[in-house]
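In what follows, every chain begins at residue 1, and chains take the letters A, B, ... in the order their sequences are listed.
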Amino acid sequence: MSERKSQRPEFDANLLDQGFDPQAIESALYAWWEASGFFDVGDEGEPYCIMIPPPNVTGTLHMGHAFEHTLMDTLIRFNRMEGKRTLWQMGTDHAGIATQMIVENQLAQRNLDKASFGREQFVQEVWKWREESGGEICNQLRRMGSSLDWTNECFTMDPDYANAVLEAFVRCHEAGYIYRGQKLVNWDPVLCTAISDLEVQNEEESTYLWKIRYPIVDEPGASVTVATTRPETMLGDTAVAVHPDDPRFSHLIGRRVRVPIIEREVPVIGDAYVSMEFGSGCLKITPAHDFNDNEIGKRHGLPEINIFDESARLNDQVPDSLQGLDRFAARDRVVELLDQAGLLAGKEDRRVQIPRGDRSGAVIEPCLTNQWFMRMDALRDLAVDAVATGQVEFVPGHYANLFNAWMRDIRDWCISRQLWWGHRIPAWYDEAGNAYVGRSEAEIRSKYDLRDTPLKQDEDVLETWFSSSLWTFATLGWPTDTERLNSFHPTTALVTGHDIIFFWVARMMMMSLGLFDQIPFRQVYIHGLLRDAQGQKMSKSLGNGLDPLDLVDGIDLEALVAKRTSNLMQPRLAPKIERATRKEYPEGIAAHGVDALRFTFAALASTGRDVRFDLERVHGYRNFCNKLWNAARFVLMNTGSFDRQAPREPGLAESWIASRLATRIKDWRRALREYRFDLLAESLYEFAWHEYCDWYLEAAKPSLREAKEQGGRASATQACLLETLESLLRALHPLMPFVTEALWHPVAERLGIEGETIMLAAYPVAKDETINPAAESDFDWMRALVGFARTMRSDRALPPGSTVVLILQGSGKALAEAKATLTLTETMIRHLGRVASIEFLAQDEPAPPCAFELIGDLKVMVPLEGVMDLSVERARLDKAIVKTTNELARVAAKLENPNFRDRAPEQVVAAESEKQRALDSRLARLQEERTSLQD
RNA sequence: GGGUGUUUAGCUCAGAUGGGAGAGCAUCGGCCUUACAAGCCGGAGGUCGCAGGUUCGAUCCCUGCAACACCCACCA
């Protein structure tokens with residue numbers, strides 16, 4: 001641990017005077033943690049490592065990040081508390097297309113474009129933008145409490161990282177994974193770059209299916225009719241295909257037809273791909289602009305005629321009059337010409353899948369270009385095998401199916417991009433166009449003995465995901481054999497959403513296994529994707545997004561409206577967004593603090609695919625923080641006199657809460673092991689609020705008061721209050737780092753616990769011997785009595801300050817047992833149930849008018865002189881009788897079934913029998929009472 | 001066309017190897033009980049999507065169906 005540069009912020013002194021105010025503690029604590037080096041990787045312990053999915057360097061924090069980071073930070077903080085050597089690697093991504101687009105847009109606002117800058121200068125502009133805005137997301141991450149290792153922060157364009165990318169490319173090339181080739185790729189005519197299959201979004205859109213007649217050569221008047229949704233591509237047709245078994249057309253195979261407008265003669269070919277049922281049964285073949293046609297073309301050796309330029313305008317392969325036309329204008333013109341020529345045979349409405357680029361939204365044009373590709377088959381097998389053998393585990397497991405299904409059908413990956421911002425491809429060309437791949441021009445010259453041959457480096461850059469796929473090891477120093485790499489790779493866990501399993505998870509696995517034969521991570525935890533309360537995707541354009549820090553700090557309505565309606569892609573939506581925002585948040589959004597938001601994220605992280613984010617939940621968990629804060633205040637207020645040396649005599653309540661805590665700790669640890677953040681949060685909440693605060697704290701009050709009145713100290717109670725709270729704070733810390741750190745110091749101090757920070761205190765460990773079923777059962781008995789007294793008070797609307805008398809009636813044995821338990825519980829019953837006194841009646845003694853309940857073998861009564869309403873009691877009894885009768889009938893039916901007796905496990909039968917006995921006795925007594933209440 | 005997930009209280013969701021259902025929020029009633037009204041106490045609310053099957057017994061396992069969501073896919 002590095003030297004202390006910072007003092008722990010002091011707010012314990014006036015803690016007792018303050019209400020819970022998250023803003024007063026958060027930033028001071030984070031600054032102290034970071035300056036003190038608590039996030040740094042230590043030297044000892046089993047390595048535990050999570051790599052942050054690198055956010056775009058110029059991006060800002062959105063809800064999805066905050067959610068994901070909360071889960072990662074929880075795992076990291078837990079494992080750090082477990083004494084592991086814990087690394088949460090920080091880093092950012094250069095995000096090629098996204099960042100380049102932003103900078104280009106900024107230039108456009110100044111009426112500039114990148115061409116006027118030139119490559120060198122444009123890239124400088126991007127670096128400048130990165131300098132200006134690159135820090136924002138880091139500050140936001142700090143605000144969320146993320147305990148990242150900032151001292152080894154990485155950027156995918158750092159020199160070391162760039163070197164790793166270079167090395168990876170060269171090695172993959174040497175291994176034969178990377179090749180260059182002219183293939184049909186997805187071309188984005190707006191961005192003027194190739195993109196990968198994954199970056200294409202197919203959406204169903206309305207268009208037409210046109211039918212066009214192609215005259216048959218040497219047979220005047222005869223023609224075949226083809227059906228197409230893209231008539232303009234006919235200008236690149238090099239064949240018409242029919243199914244070889246189609247009786248209507250098979251005789252035409254080998255004949256030639258004339259493509260209208262360009263008047264090119266092309267063959268009729270037979271190919272089984274053609275469906276006889278669809279359209280006209282004849283398919284026009286455009287090998288340069290359709291993936292299927294391309295394959296058919298290859299099978300038949302057809303020429304590939306590219307008719308578009310890089311912006312998808314018609315090029316010089318078409319008649320002069322059409323050249324330069326955009327593809328959609330070309331479509332209209334072609335249809336017009338065909339119509340004039342009388343060759344249009346029809347047009348019908350049709351819904352088809354239109355491919356669009358996920359960044360530009362432009363319709364993607366399949367184009368023949370020279371690109372670099374990664375061969376997927378061998379790498380795919382390595383990755384699939386790693387999952388099949390369990391080396392890499394998906395959590396939840398069913399994501400392995402998704403992964404496998406995608407991998408099965410994977411095509412070679414186009415990794416080159418015609419952009420300026422990114423890692424330049426390390427390939428050089430001589431004048432003949434031969435490509436040489438190497439670490440540098442010098443290396444190539446010497447390796448291939450090129451001396452004075454003029455060489456020119458490839459203009460293209462690598463897709464961003466290529467560099468991201470090296471993330472787990474390039475951040476640790478690869479290709480250098482560093483200590484960090486050896487210690488932390490393979491990393492322990494990856495936490496991410498299912499939307500990037502293909503983009504990133506699968507590719508990291510292939511790269512890591514392909515390049516140095518290691519899996520990148522052992523477990524992949526896939527969380528759901530965040531949606532708004534209505535289940536809609538959160539997005540800027542819909543205007544339903546939330547800035548996590550607005551939930552933390554609060555934001556007034558006007559500011560929120562302004563934020564949501566500024567810089568919209570579609571400004572005309574602004575009024576609608578404004579209306580919706582004013583309706584949903586009439587008061588703006590209150591400040592909730594980081595801990596409440598983090599706890600909410602955890603509580604929502606169930607196993608489903610979507611996570612609906614509901615502001616109400618944050619509200620509830622802010623209340624939880626407040627509850628915790630006040631509980632700590634209470635404990636501190638009542639333990640000022642605590643003497644650690646004083647003898648302790650723990651009572652039932654102490655045994656009970658200790659037993660509950662031990663059980664809970666097991667649950668919490670299991671939840672963390674299984675990535676069940678929702679169960680973790682729920683169980684922590686339940687224990688803190690409904691066990692510790694509602695029952696233990698309340699049970700502690702009478703003994704504290706008694707001790708005070710007698711000038712004593714109630715050492716056992718004080719110790720238990722402090723110890724349980726101290727454990728609870730440690731257990732909560734991974735989820736709620738700030739409030740737990742603030743509260744832990746004064747509490748720990750009372751207990752004489754030394755520790756610089758709760759961050760480095762041990763996560764609670766359950767001691768089996770502390771689990772105490774007898775104490776739990778006695779405590780539950782007490783709770784039942786108290787519950788009855790409270791229900792009676794509430795039912796009769798007794799004055800709040802009033803007390804009741806409890807009368808216990810039962811057999812000698814039952815009464816003796818009750819008296820024994822009462823020695824442990826009477827004080828609590830009196831205090832918690834507002835019970836003035838407890839009296840006893842033998843089985844056969846007459847009782848005054850009473851409301852009663854049967855608890856075990858005991859009849860518990862509250863005398864109701866004056867407030868006894870017979871009709872109310874009768875109704876209560878009747879209800880109880882009906883319920884008991886029904887239950888009994890069910891149990892009896894089961895027991896009477898010989899099959900059940902024979903086949904069900906012995907202890908199940910025994911339990912049912914016991915249930916029957918208890919219900920029998922209960923019913924008899926209820927009926928007896930009912931009879932006595934008869935008018 | 002193929003695949004995955006979801007369907008439980010008004011809402012959002014838990015229910016580990018099958019023994020007859022829980023929480024939070026909302027709601028209703030009563031309380032400023034000296035940690036907390038961001039609180040306390042009590043209550044009401046569900047044929048567990050539908051139909052079959054396996055089983056002594058199904059919210060849970062199997063089959064089919066329906067609705068919703070998402071992913072993949074070349075029928076022009």
Side-chain angles (χ1 to χ4, degrees), chain A residues 16 19-20 197 202 209 226-230 233 241 273-275 277-280 282-286 290-296 350 352-353 396 398-399 401-402 405-406 408-409 498-499 501-502 528-529 531 533 535 590 592 596 603-604 606-614 616-617 619-638 670 674 676 678-679 681-683 685-686 689-690 693-694 697-698 701 786-787 790-795 797-801 831-832 834 887 890 894-895 897-905 907-909 911-912:
Chain A
L16 298 182
F20 171 59
D197 294 345
N202 287 298
L209 184 67
V226 299
T228 180
T229 53
R230 298 205 55 195
T233 61
Y273 169 79
V274 181
S275 161
E277 287 76 41
F278 189 88
S280 61
C282 297
L283 176 61
K284 66 190 266 311
I285 303 296
T286 320
D290 183 284
F291 287 99
N292 296 314
D293 292 7
N294 189 262
E295 282 178 25
I296 295 169
R350 184 140 212 103
V352 292
Q353 296 283 332
H398 70 256
Y399 283 106
N401 300 337
L402 183 68
W406 184 70
R408 195 175 48 234
D409 300 325
H498 63 76
D499 53 335
I501 290 179
F502 309 145
L529 298 186
R531 296 175 164 268
H592 295 89
L604 290 173
S606 53
T607 54
R609 281 210 169 175
D610 294 339
V611 175
R612 288 188 186 218
F613 186 84
D614 187 352
E616 285 303 315
R617 295 289 291 265
H619 205 74
Y621 293 125
R622 182 198 50 177
N623 295 356
F624 178 56
C625 294
N626 187 52
K627 185 77 180 176
L628 206 63
W629 185 271
N630 282 300
R633 287 180 61 201
F634 173 82
V635 171
L636 292 171
M637 283 163 81
N638 286 285
R670 186 174 62 191
E674 297 174 353
R676 288 302 303 269
D678 55 334
L679 299 183
E682 187 190 304
S683 178
Y685 183 97
E686 188 74 15
W689 200 312
H690 297 305
C693 288
D694 284 354
L697 238 58
E698 293 304 324
K701 283 177 181 176
V786 168
R790 285 172 172 175
T791 306
M792 285 306 99
R793 182 190 319 283
S794 183
D795 279 3
L798 294 181
H831 178 83
L832 300 176
R834 291 188 165 273
E887 274 178 49
R890 222 177 294 140
K894 203 183 265 191
L895 285 166
N897 184 339
N899 283 327
F900 175 73
R901 286 194 162 283
D902 293 347
R903 301 191 197 187
Q907 68 256 44
V908 172
V909 177
E912 289 298 312

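Residue A/Val226 is out of contact with every strand shown, counting any heavy-atom pair closer than 4.0 Å. Among the atoms of the strands shown, none is found under 4.0 Å from any heavy atom of A/Glu887. A/Leu679 comes within 4.0 angstrom of sugar-phosphate atoms only, judged by non-hydrogen atoms across all strands, and of no base. Contacts of A/Asp409 with the nucleic acid, taken as non-hydrogen atoms under 4.0 Å apart, are absent. Within 4.0 Å (heavy atoms only), A/Asn897 reaches sugar-phosphate atoms of the nucleic acid but no base atom. Residue contacts shown for A/Thr228 are limited to sugar-phosphate atoms, with no base heavy atom under 4.0 Å away. In this structure, A/Pro905 reaches the bases: a heavy-atom distance under 4.0 Å links it to at least one base atom across the strands shown. Base engagement by A/Phe278 is indicated by at least one non-hydrogen atom pair under 4.0 Å involving a base atom. A/Arg230 comes within 4.0 angstrom of no nucleic acid atom, judged by non-hydrogen atoms across all strands. At a threshold of 4.0 angstrom between heavy atoms, the contacts of A/Cys693 include nucleobase atoms, whether or not backbone atoms are also involved. Across all strands shown, A/Arg676 has heavy atoms under 4.0 Å from sugar-phosphate atoms exclusively, and none from any base. Counting any heavy atom pair closer than 4.0 Å across all strands shown, A/Arg622 reaches a base atom. Nucleic acid contact class of A/Ala904 (heavy atoms, under 4.0 Å, all strands): base.
Between B/G19 and B/A51, the distance separating the two P atoms is 23 Å to the nearest Å. The same atom, C1', is picked in B/C48 and in B/U8; the two are 4 Å apart, to the nearest Å. Spacing of C1' atoms, B/A23 relative to B/C61, comes out at 26 Å, to the nearest Å. As rounded to the nearest Å, B/C62 and B/G45 have C1' atoms that lie 33 Å from one another. Separating the P atom of B/C60 from that of B/U6 is a span of 14 Å, rounded to the nearest Å. Between B/U59 and B/A9, the two P atoms lie 15 Å apart (nearest whole Å). Nucleotides B/A58 and B/G39 have their P atoms positioned 42 Å apart, rounded to a whole Å.
The aromatic rings of A/Tyr685 and A/Trp689 sit tilted relative to each other, their planes meeting at an angle between 30° and 60°.
For A/Arg617, no side-chain nitrogen or oxygen approaches OP1 or OP2 of B/U12 to under 4.0 Å. Not one side-chain nitrogen or oxygen of A/Thr229 sits closer than 4.0 Å to the OP1 or OP2 atom of B/A76. A/Lys701 has a side-chain polar atom (N or O) that falls below the 4.0 Å cut-off from OP1 or OP2 of B/A35. Put simply, A/Asn626 has no side-chain N or O that comes within less than 4.0 Å of OP1 or OP2 on B/G39. Under 4.0 angstrom from either OP1 or OP2 of B/A35 there lies no side-chain N or O belonging to A/Trp689. For A/Arg793, no side-chain nitrogen or oxygen approaches OP1 or OP2 of B/U33 to under 4.0 Å. Taking side-chain N and O atoms only, A/His690 has no distance below 4.0 Å to OP1 or OP2 of B/A23.
Residue A/Glu616 contributes atom CD, which lies 8 Å from atom C1' of B/A26 at whole-angstrom precision. Protein atom CD of A/Glu674 is 12 Å distant from nucleotide atom P of B/A16, rounded to whole Å. Across the protein-nucleic acid pair, A/Asp902 atom CG and B/G19 atom P stand 21 Å apart, rounded to whole Å. Between A/Tyr621 atom OH and B/A38 atom C1' the separation is 15 Å, expressed in whole Å. With rounding to whole Å, A/Phe624 atom CZ is found 15 Å from B/G39 atom C1'. In this structure, A/Arg531 places its CZ atom 15 Å from P of B/U6, rounding to the nearest Å.
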Check nucleotides 42-44 of chain B for protein N or O atoms closer than 3.5 Å to its own N or O atoms and list the pairs.
unit_1 : atom_1 : unit_2   : atom_2 : d
B/G42  : O3'    : A/Thr791 : OG1    : 3.4
B/G42  : O2'    : A/Ser794 : OG     : 3.3

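Using the Watson-Crick or G-U wobble rule with both distances under 3.5 Å, B/U47 pairs with nothing in any strand shown. Shown here, B/C61 forms a base pair with B/G53; the pair counts as Watson-Crick or G-U wobble because both key distances fall under 3.5 Å. In a base pair of the Watson-Crick type (N1 to N3 plus N6-O4 or O6-N4) or a G-U wobble (N1-O2 and O6-N3), with each distance short of 3.5 Å, B/G1 is matched with B/C72. With a cut-off of 3.5 Å on both pairing distances, the Watson-Crick or G-U wobble partner of B/A23 is B/U12. As the counterpart of B/U17, no nucleotide is assigned, since no Watson-Crick or G-U wobble pattern has both distances under 3.5 Å. Across the strands present, B/C31 finds its partner in B/G39; the criterion is a Watson-Crick or G-U wobble pair with both atom distances under 3.5 angstrom.
The minimum heavy-atom distance linking A/Leu895 with A/Arg901 is given by the pair O-NE, 3.1 Å.
With respect to A/Arg890 and A/Glu887, no salt bridge is recorded, no charged nitrogen being found less than 4.0 Å from a carboxylate O.
A side-chain donor from one of A/Asn630 and A/Asn626 sits under 3.5 Å from a side-chain acceptor of the other.
At least one test fails for A/Lys627 against the ring of A/Phe20: distance under 6.0 Å to the centre or angle within 45° of the axis.
Base orientation of B/A16: syn, since the glycosidic angle falls within 90° of 0.
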